[in-house]
Amino acid sequence: MKKLLLLFILSLFGLNLAAQGLESATKKINKLKKNKVDTIVSVYRYSSGMTMATEKGKDCFLTSSQMLFWKKDGEYFKQAFDNCKDYDEKKIDSTIFITSIRDSSKVLKEAEIKPVKCVFRDMDGVAHYQKNNAPKHSKFTDITFYTGAITLLKKIDHYNIITENCDAEYINDNYEANMGNILKRLFDEADREFRDK
């Protein structure tokens with residue numbers, strides 16, 4: 001019972017920290033919109049959390065990170081937010097997130113990362129599917145595109161991206177389709193951007 005209570009308290013604490021990081025990013029999005037920036041992309045990553053060292057010498061329990069990308073007056077910018085550190089706005093050369101809205105908006109609307117689907121093919125080539133339960137403690141990425149009055153949200157469960165084989169016997173039938181999806185390309189780009197906050 002004590003373990004359950006402790007887990008519940010830590011979950012609430014983590015959600016509160018995640019909300020703090022999200023609040024700063026939301027304020028930034030609203031400020032950009034007021035300044036007539038009509039194309040913004042938010043990449044928000046969250047999980048059950050991890051301990052992260054900070055410059056102040058105390059460890060911080062990091063549960064979420066968010067990065068915004070936007071274009072203003074022909075120039076590109078990005079800024080990261082999380083509950084452990086404040087990051088400065090950075091000018092960048094360009095960003096795949098903004099260009100994907102312009103060049104692939106119809107593809108983006110229809111894009112989705114499919115859930116893990118375990119399949120075993122028998123000697124006759126007949127596919128037999130086995131249900132695969134995603135772990136309860138996965139990591140997630142939400143990519144939100146703001147263009148004018150339109151908001152488009154795409155959710156990615158990291159488990160569905162990284163799972164090629166369910167086990168030694170079963171393969172993920174959706175793995176190849178997910179690897180070729182535009183959202184996977186954006187997911188990989190997010191990894192690079194988060195390493196360069």
Side-chain angles (χ1 to χ4, degrees), residues 14-50 52 60 62-115 138-162 174 177-197:
L15 287 172
N16 184 44
L17 290 176
Q20 290 172 12
L22 185 58
E23 186 180 319
S24 297
T26 302
K27 285 179 183 174
K28 182 70 172 196
I29 290 168
N30 292 334
K31 182 179 176 184
L32 290 170
K33 286 181 176 180
K34 283 180 186 174
N35 288 329
K36 307 285 191 254
V37 176
D38 71 346
T39 304
I40 306 162
V41 179
S42 162
V43 181
Y44 177 56
R45 294 197 152 183
Y46 53 100
S47 66
S48 54
M50 65 178 183
M52 179 176 141
C60 173
L62 178 69
T63 55
S64 61
S65 295
Q66 187 164 1
M67 190 168 289
L68 301 180
F69 302 90
W70 67 95
K71 183 179 179 182
K72 185 177 181 187
D73 300 327
E75 294 183 313
Y76 296 91
F77 301 88
K78 73 176 182 180
Q79 187 170 4
F81 302 85
D82 64 39
N83 55 276
C84 291
K85 182 181 174 184
D86 294 329
Y87 298 89
D88 294 326
E89 182 179 302
K90 281 186 177 181
K91 189 189 288 189
I92 54 179
D93 292 334
S94 65
T95 171
I96 188 175
F97 293 98
I98 300 296
T99 55
S100 66
I101 293 176
R102 187 184 65 235
D103 299 338
S104 313
S105 59
K106 186 177 179 187
V107 175
L108 276 173
K109 283 178 189 173
E110 296 172 3
E112 68 171 315
I113 296 298
K114 296 178 180 179
S138 188
K139 296 180 181 178
F140 301 88
T141 294
D142 293 347
I143 305 177
T144 309
F145 303 89
Y146 302 91
T147 52
I150 298 168
T151 300
L152 177 65
L153 170 65
K154 294 294 174 177
K155 291 183 156 297
I156 300 172
D157 185 332
H158 293 207
Y159 175 74
N160 295 328
I161 288 275
I162 63 171
N174 286 329
N178 285 343
M179 293 300 101
N181 195 294
I182 188 172
L183 295 178
K184 172 64 164 71
R185 210 159 63 240
L186 295 175
F187 179 87
D188 291 341
E189 184 63 21
D191 274 344
R192 285 187 283 276
E193 293 290 358
F194 274 106
R195 283 194 294 270
D196 179 34
K197 292 182 186 179

Are the side chains of L108 and L183 in contact, using a 4.5 Å heavy-atom criterion?
yes
Would you say that Y46 contacts Q66 through its side chain, given a criterion of any heavy-atom pair below 4.5 Å between the two side chains?
no
Any salt bridge between E189 and R185, counting N to O under 4.0 Å?
no
Any donor-acceptor N/O pair, D142 side chain to L153 backbone, under 3.5 Å:
no
Between D188 and R192, is a salt bridge (Lys or Arg N to Asp or Glu O under 4.0 Å) present by the stated rule, with each step listed?
CA-CA 7 Å; D188 291 341; R192 285 187 283 276; 5.8 Å; no
Do K90 and K197 come within less than 4.5 Å of each other through their side chains, counting heavy atoms only?
no
Any heavy-atom pair between the side chains of K27 and F81 that's under 4.5 Å?
no
Do F97 and K78 come within less than 4.5 Å of each other through their side chains, counting heavy atoms only?
no
Ionic contact status for R45 with D191, cut-off 4.0 Å:
yes
Can any side-chain N or O of K91 pair as donor or acceptor with the backbone N or O of E75 at less than 3.5 Å?
no
Is the shortest heavy-atom distance from the side chain of L32 to the side chain of F77 under 4.5 Å?
no
Kindly assign one of parallel, tilted or perpendicular to the pair H158 and F187, based on the angle between their ring planes and the thresholds 30° and 60°.
perpendicular
Got a sec, which residues hit side-chain contact (heavy atoms from CB on, under 4.5 Å) with K109, two or more places apart in sequence or on another chain?
L152
Is there a donor-acceptor pair under 3.5 Å between the side chain of N178 and the backbone N or O of I161?
no
Taking all heavy atoms of K139 and all of D157, pick out the closest pair and write down the distance.
O-OD1, 3.7 Å
